[in-house]
Structures are given as structure tokens and as C-alpha cells.
Amino acid sequence: QPLVEVRGVRHAYGKANGAETLVLDDVNLTLYDNEIVGLLGRSGSGKSTLLRSIAGLIQPNVGTVTFPKANGPTSVGMVFQSFALFPWLTVLENVEAGLEAKRVPREERRKRALAAIDLIGLDGFESAYPKELSGGMRQRVGLARALVVDPAILLMDEPFSALDVLTAETLRTDLLDLWCEGRMPIQSILIVTHNIEEAVLMCDRICVFSSNPGRVIAEIKVDLPQPRN
Ligand code: ADP
Ligand code: ADP
């Protein structure tokens, strides 16, 4: 049974002159358990809009996003290109902020945040502020904050695009190691990228997105000549 089913999603944004830009047109996408799926397309093709629809941050004009395996909405973790950290909060507080809306008791919030920090390789940096960290470490904070809610699905919007090549590679490898070793409490990852090499190296399956308007025009199954990690 699918984890997420996107069916016939269509979305337009209003413009200042009253006109509308159609960004997504009849998008269909299915996510299954235990897979990393890439959403590959040009900048501006509507990939972020699709992610936001899946996360429930926006309601598409037409079509549905359902979670057939769960009775109701599934918990979703989201990671952003520019990290979206709170600069006035420490690493620990930023990660705990992921649990703020969840009414988790203070004690447990701290415990879970520390576990996520440890998992993602941030131990020792609990009381640092984002501005004191490198880009790679900042994105680790973003990841920890997404993981702390134990999401069924991890949505990543260009998570490595703001990092230099080596940092991106290290973070990608660390993430894949955690995934392959089953150390992340996640059932599926959807990763948005415009980088085909990144998509191939990370994903089991790639959905190719067209622009103007955005829709899935092809799905590619990735067969690697050797194991991923
Ligand atoms: P991508 O993630 O593929 O770069 P986006 O979903 O961010 O694409 O954006 C698709 C198009 O919709 C772009 O032209 C963008 O400028 C526009 N857009 C995105 N968000 C909004 C918004 N909140 N209001 C108006 N236009 C938007
Ligand atoms: P990313 O590159 O991480 O996908 P963007 O720079 O495309 O992010 O968008 C950042 C934010 O600005 C998003 O919340 C998006 O909805 C909004 N946005 C993007 N394009 C437009 C637009 N043309 N008009 C209004 N808001 C927009």
C-alpha cells in the first residue's frame, strides 16, 4: 500500500495584476515504503509547491494528497535549501522547536532533541548558535529538527544546493549511511533537486518534472552497479 498518493494536483498562484500562473498541472506521484524518491526539475518548475502540498502547508486548487497507510494525515518532516533555522536559538533549541507544536513535555522534548543531535553528528554543538556553524553543520541542524518528530516521510527541498561540493557529498553520504543502516525512523524520503548526479546517487527512483506547468513526465528507476554505501 502506498505511503503517499498525489492525484491530479493542479495549482495556480495569483499575480498582482489579477492573472494567475499555473504552476502544477495534473501532477500524479506515489511514494512507497522504504524508498528514496527524487523530484528532478528545473528551477521554477513547481517542485517546492508540490512539496508544500504534500506537507499540508498549502492546499492545491484541484486534486488530492492522501496517506493510504495511515488513518489521516501522516507526520512529515521538512528540510529547506536555506536551512530556515532560528538565528536567536541555539542548536538544541532549534531542534526542540521541531516539537513545539506537538505538545511534548519539556523533559521529553529535550531528550528527543539530544537523540536527534547525536544521530546527525552534532554532539558538542548543542549550545552553539547557527551563525557560529558552517553551512554543512547548519543543514545538520535542519535535518535534526525534521527528524525529531519521528516523521513517516522526510521531504527535502534542495537540501544540498547551498553547500559546497565536498560538504554536500559528506552530508549526503552520512544521510545515506543512516538510511541504509535503518537508523532513521523514516519510511520514505522525497528529495527535490535540479542536480541529476545527486538524484542518481541518492534515489531509488527519479520523477522527472517538466516546467510551465510542472508535471511528472517520466519516472526512472535507478539501478546502480554496486551497493549505495
Ligand atoms: P521550484 O521549487 O521548482 O523552483 P516553486 O514551486 O518554488 O518551483 O515555484 C514555481 C513557480 O511558482 C515559480 O515561478 C515561483 O516564482 C512561483 N511561486 C512560488 N511560490 C509562490 C507564491 N507563494 N506566490 C506566487 N508565486 C509563487
Ligand atoms: P526555494 O529556492 O528554496 O524553493 P524560493 O526562493 O523559490 O525557495 O521561494 C522561497 C519562498 O518565496 C517560498 O515560500 C515561495 O512560496 C515564495 N515565493 C517564491 N516565488 C514567489 C513569487 N513569485 N511570489 C511570491 N512568493 C514567492
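Just so we're clear, the structure is a prediction, and the values are computed from it rather than from any experiment. Ligands are counted one by one from 1 in listed order, and the atoms in each one are counted from 1 as well. For this chain, numbers begin at 1 and follow the sequence in order.
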Checklist entry - Side chain, backbone, both or neither: which part of E158 has a heavy atom under 4.0 Å from ligand 1? => result neither
Item to check | R52, portion touching ligand 1 at heavy-atom distance under 4.0 Å | outcome: side chain
Do ligand 1 and [X] have nitrogen or oxygen atoms that lie under 3.5 Å from each other?
X	answer
G14	no
S45	yes
V23	no

Item to check | Min side-chain heavy-atom separation E35-L3 under 4.5 Å | outcome: no
Checklist entry - So do the side chains of V216 and N28 get within less than 4.5 Å of each other, counting heavy atoms only? => result no
Selected option - heavy-atom contact closest to [atom], from [options]:
atom	options	answer
atom 2 (O) of ligand 1	G46, S48, A12	S48
atom 3 (O) of ligand 1	H11, K15, K47, H194	K47
atom 11 (C) of ligand 1	G44, S211, S53	G44
atom 6 (O) of ligand 1	V192, D157, T49	T49

Next on the checklist: When you measure from the side chain of R140 to the backbone of I120, do you find a donor-acceptor pair of N or O atoms at a distance under 3.5 Å?
Outcome noted: yes
Checklist entry - Just wondering, more than 12 heavy atoms not from L22 lying within 6.0 Å of its CG? => result yes
Item to check | More than 12 heavy atoms of other groups within 6.0 Å of R7 CZ | outcome: yes
Checklist entry - What atoms of ligand 1 come closer than 4.0 angstrom to any heavy atom of R42? => result 3 (O)
Next on the checklist: Between E219 and R205, does any side-chain N to carboxylate O distance fall below 4.0 Å?
Outcome noted: yes
Item to check | Distance in Å, Q139 CD paired with F80 CZ, rounded so as to fall on 0.5 Å steps | outcome: 10.0 Å
